[in-house]
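Worksheet: the structure to be examined is printed underneath.
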Amino acid sequence: MAISFQDMQTEAQGRWQALTAGEQPWIRVGTALCGKAAGCDPVLDALKDSLQRNGIAANVSQVGCLGLCFAEPLIDVQFPGGPRIFYGNVTPETVDEIVASHLVLGTPVAHLALGYLADGDGASVSPGLDPGIPDLNLHPMRAQEHRIALRNAGNIDPGDIYQYIANGGYRGLDNALTELSPSDTLDHVNASGLRGRGGAAFPTATKWRFLAGSDAPVKYILCNCEEGDPGAFNDKAILESDPQTLIEGITLCGYATGSHYGYIFIRHGHDGPIERTQEAVRQAEELGLLGDDILGSGFSFHLEVALTGDSYVAGEESALMEAIEGKRAMPRFRPPFPAQVGLFGKPTNINNVKTLAYIPEIVARGGEWFAGIGHDKSTGTAILCLTGSLKYTGMVEVPLGINLKDVLYDVAGGVPDGKSLKLVQSGGPLGGVLGADNVDVLLDFDILRAAGAILGSGGLIVADEDACAVDLTRALIAFCQYESCGKCFPCRMGMSHLLEVLERICRLEGSVEDLPLMRSIGENMQAGSLCGHGQLGFNPVASALRYFGHEFDTHIVDRSCPTGRCLRPSFSPMSSRR
Amino acid sequence: MDGLTRRISEAVHGQPQATVTVLSSLLAVEDELGYIPKEAVEEVAALTHSTINDVWAVASFYPNFRFEPPCEHTVEICWGTSCHLVGAMPLIEAILDAAGMEGEGDTDDRRLTLRFNTCLGACAQAPVISIDHQLHGRLSAEAAREKVSALLSAPDSSGGR
Ligand SMILES: Cc1cc2nc3c(=O)[nH]c(=O)nc-3n(C[C@H](O)[C@H](O)[C@H](O)COP(=O)(O)O)c2cc1C
Ligand code: FES
């Protein structure tokens, strides 16, 4: 082993110091998927061009997602030792103004600035800062945040492992390898009360114990970033923003369970997250933080990125193993369970990206620390994707136990354009909907489940008064039908049948028998399907009927769609593909 | 070896990761060519010691694989929940109209391949489309129509893919 962890930390701190308090200003540009869709690439080009034209020497880094997606393209300028000044909704035109004023003259452009951040590195607010530039930590989207897994997102260059190390990265792994036994490490996870963030909220330590208990020589750790839920992008955001926290988390999972091989499983096509993860693995290998004899501890861990084609069910744990083996992503019969017979027939543990991204801080700070955050049996934070009809769309990390109503109306600023909130769709297409009168509920895995919605992967999609609950249910089932893998018929045929009935109701040709018909299809799907896709596939209909039953009645009995949405053209891939 | 065979061979044999499977090989070919020609199915079968049938089974399961060369440009439109709620449908209508199409597929002049996508991953910028792998968010139906019309009327720049 070439260099010790202490030497790496020293090197990392030196580099970080040079960036934040060296000679040149540091400009960070958000280039995650949200930034790309908002047009960060032309902004980045214009920025580099403008710096050159003005003869300004600056460090320009591409960072991930800070969470304020509504303000993308988002860039920030930090002079050595000073605060970061953020500019939102930047265009190639405004970049010129920012360079000419802020970088050339040293005067921030107050009317374009979103706010400043003075935290970290003891950077203090420069005395001359325009009072018109607010503290970004007071922005509704940040004020209630408690960042653990997202602690570095938007702050560090995901393509530079030293920036991760300079911000406390890999001290959890170093600590575990030098001070803790594998079972001590597992005890931390147990004490944290961490539950899986992939949907089922299963206790993570319990799952890890299954694997740790097996003395098979080859065992696998799989990290699930299939993330097919429309409206959820937090897993990809972690890969794009701070892939090292995930790599450290997976490695710690390997150490705690006695496994030496891992895969990060990502859907093909999302180039940014994939490339950043591959590069991060390469850098960790280069520094000896992955591979044989990590940090001279004797512990070895090998990590690979595996890609899947388009398939929602590939995110289901047993279908995921089939896909890594290169086959059709169809679920397996259980038992045997993955902890006994998993990938390539070997004992396997599967966790979601967010679950694993918490592990480094849990090990570094202790399980009790994490357990002190959150609510009851829902410890830690929720990483939420706020989309749909909201003033502030983006991603936040807030303590579990926060009121959903506060998230929607305060954090996300409520529904824009003076419209009212109609419903929230949570937990992905297999989750549920909540009506506007039911959002006064705590974000807690168990409380939400009792309310008929699940937190799932953290996607919260808001519909305003213009949306039709029946149309939305149809769209959700169109997704579920399209994504049914086809292996078991209760799901394959049940989804098609449900969609047929819902399309009929949307055409205002439904009958009163359609509601009990859908319920009976749903019961059969739940009882007879092999995996969660079919078992949970009736959820969107069940919860819509629970909160918006009257709207179904209007469509069926009065033959009218009050919002008019169902009268306009609609789309389902069933009629267009397959 | 002709050009196509060489590109297939290089894509399939040049995979950097340790675990090489039928699926990973097909994805490598798709990255290189944009589609899976018959020759690639044979090459992947040989490499992975599978039958041609096994390879077809995988290739036909994942809807991202296509079996003919894509057109000069590819436009993907998201119809995921976030996009649906903030106007994916008017976008779909405008784009279909601009392209003179009724659903997914290729235009007759082979200028445009149109595909639907369940989530392009930029849901906070809904509605979202991608044009030749570049994401465009918060798009109005009119802006989408203009972008697609521009692709269709621009001089041919394919250079023979
Ligand atoms: C149809 C279907 C799709 C799923 N997709 C995902 C996914 O994209 N990401 C994920 O982490 N879990 C997904 N899951 C849940 C996984 O099966 C599994 O429970 C999870 O990855 C375990 O990780 P956790 O314990 O950390 O939550 C899906 C489940 C089903 C039934
Ligand atoms: S739902 Fe359209 S980008 Fe995610």
Side-chain angles (χ1 to χ4, degrees), chain A residues 33-34 36-39 41 69-70 72 227-233 236 263 268-271 273 304-312 323-329 385-389 393-395 425 429 459 461-463 467 472 475-476 479 482-483 485 568-571 573 575-577, chain B residues 16-28 30-31 44 48 50 54 57-65 76-86 88-90 92-93 102-105 115-126 128-130 133-139:
Chain A
L33 293 172
C34 51
K36 297 267 181 200
D41 287 336
C69 308
F70 73 94
E72 295 285 349
E227 197 170 55
D229 287 352
F233 48 90
K236 287 185 277 283
Y263 287 88
H268 176 257
H270 296 295
D271 298 341
E304 200 177 314
V305 173
L307 304 182
T308 166
D310 291 0
S311 159
Y312 181 67
I324 296 181
E325 293 179 11
K327 305 176 201 150
R328 291 178 158 212
C385 295
L386 306 168
T387 67
S389 295
T393 57
M395 174 175 74
Q425 206 275 324
I461 311 176
V462 168
L472 176 63
L476 291 168
F479 175 91
Y482 172 68
E483 290 290 1
C485 80
R568 299 209 297 270
S570 67
F571 167 77
S575 46
S576 124
R577 222 193 262 175
Chain B
Q17 80 285 0
T19 310
V20 169
T21 65
V22 172
L23 177 55
S24 75
S25 307
L26 288 169
L27 289 169
E30 190 190 43
D31 271 347
V44 171
T48 57
S50 319
D54 289 339
V58 176
S60 60
F61 178 81
Y62 297 95
N64 53 294
F65 293 123
E76 297 195 59
I77 319 172
C78 179
W79 62 280
T81 320
S82 307
C83 290
H84 175 76
L85 283 172
V86 299
M89 197 58 223
I92 293 176
E93 284 180 273
E102 301 199 331
E104 284 185 312
R115 292 175 40 83
F116 296 123
N117 193 302
T118 53
C119 178
L120 288 163
C123 328
Q125 313 291 2
V128 185
I129 69 170
S130 91
H133 287 284
Q134 302 286 317
L135 297 174
H136 300 267
R138 308 228 165 192
L139 221 52

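Just so you know, these numbers use all the heavy atoms, side chains as well, and skip hydrogens, waters and symmetry mates.
Put simply, of Ala323(A), Pro429(A), Cys385(A), Gly459(A), the one with the most heavy-atom pairs under 4.5 Å next to chain B is Ala323(A). By number of non-hydrogen pairs under 4.5 angstrom with chain A, the leading residue of Val58(B), Leu27(B), Val128(B) is Leu27(B). Among Ser25(B), Gly80(B), Ala122(B), Gly121(B), the residue making the largest number of heavy-atom pairs under 4.5 Å with chain A is Gly121(B). Between chain B and the options Gly39(A), Ala329(A), Ala38(A), the largest number of non-hydrogen pairs under 4.5 Å is found for Ala329(A).
Residue Phe233(A) holds its CZ atom at 8.0 Å from OG of Ser82(B), rounded to the nearest 0.5 Å. A distance of 10.5 Å separates CD in Glu72(A) from CZ in Arg138(B), rounded to the nearest 0.5 Å. The line from CG of Leu135(B) to CG of Asp41(A) is 9.5 Å long, rounded to the nearest 0.5 Å.
Neither the backbone nor the side chain of Glu227(A) comes within contact range of chain B; no heavy atom of the residue lies under 4.5 Å from a heavy atom of that chain. Only the backbone of Leu120(B) comes within contact range of chain A, judged by heavy atoms closer than 4.5 Å. Heavy atoms closer than 4.5 Å to chain A are found nowhere in Ala126(B), neither backbone nor side chain. Of the two parts of Cys34(A), the backbone and the side chain both hold a non-hydrogen atom closer than 4.5 Å to a non-hydrogen atom of chain B. The part of Ile92(B) that comes within reach of chain A is its side chain, from C-beta onward, which places non-hydrogen atoms under 4.5 angstrom from that chain. Residue Tyr312(A): no heavy atom, backbone or side chain, is found under 4.5 Å from chain B. With a 4.5 angstrom heavy-atom cutoff, Asp229(A) touches chain B only via backbone atoms. Of the atoms belonging to Leu476(A), it is side-chain heavy atoms, and not backbone ones, that fall under 4.5 Å from chain B. In this structure, chain B has heavy atoms under 4.5 Å from both the backbone and the side chain of Thr308(A). In this structure, chain B has a heavy atom under 4.5 Å from the backbone of Ala232(A), while its side chain stays farther away.
Residues passing the side-chain contact (heavy atoms from CB on, under 4.5 Å) test with Ser24(B) are Gln15(B), Gln17(B), Val20(B), Thr21(B), sequence neighbours excluded. The side-chain contact (heavy atoms from CB on, under 4.5 Å) search around Ala475(A) returns His84(B), not counting sequence neighbours.
Within the 4.5 Å cutoff, side-chain heavy atoms of Ser389(A) are placed close to those of Val86(B). Looking at heavy atoms from C-beta onward, Gln125(B) lies out of side-chain contact with Lys36(A) at the 4.5 angstrom threshold. Two residues are said to be in side-chain contact when any heavy atoms from C-beta on lie closer than 4.5 Å; Leu23(B) and Lys327(A) fail this criterion. Side-chain contact between Thr81(B) and Phe479(A) is absent, with no heavy atoms from C-beta onward closer than 4.5 Å.
The two residues Cys123(B) and Gly231(A) come nearest to each other via the heavy atoms SG-N, 3.4 Å. The heavy-atom pair separating Met89(B) from Ser570(A) by the smallest distance is SD-C, 3.7 Å. Taking both residues in full, the closest heavy atoms of Leu85(B) and Ile461(A) are given as CD1-CG2, 3.7 Å, listed atom of the first, atom of the second, then distance.
Under a 3.5 Å cut-off, the side chain of Arg328(A) and the backbone N or O of Ala57(B) do form a donor-acceptor pair. No donor-acceptor pair under 3.5 Å is formed between the side chain of Asp310(A) and the backbone N or O of Tyr62(B).
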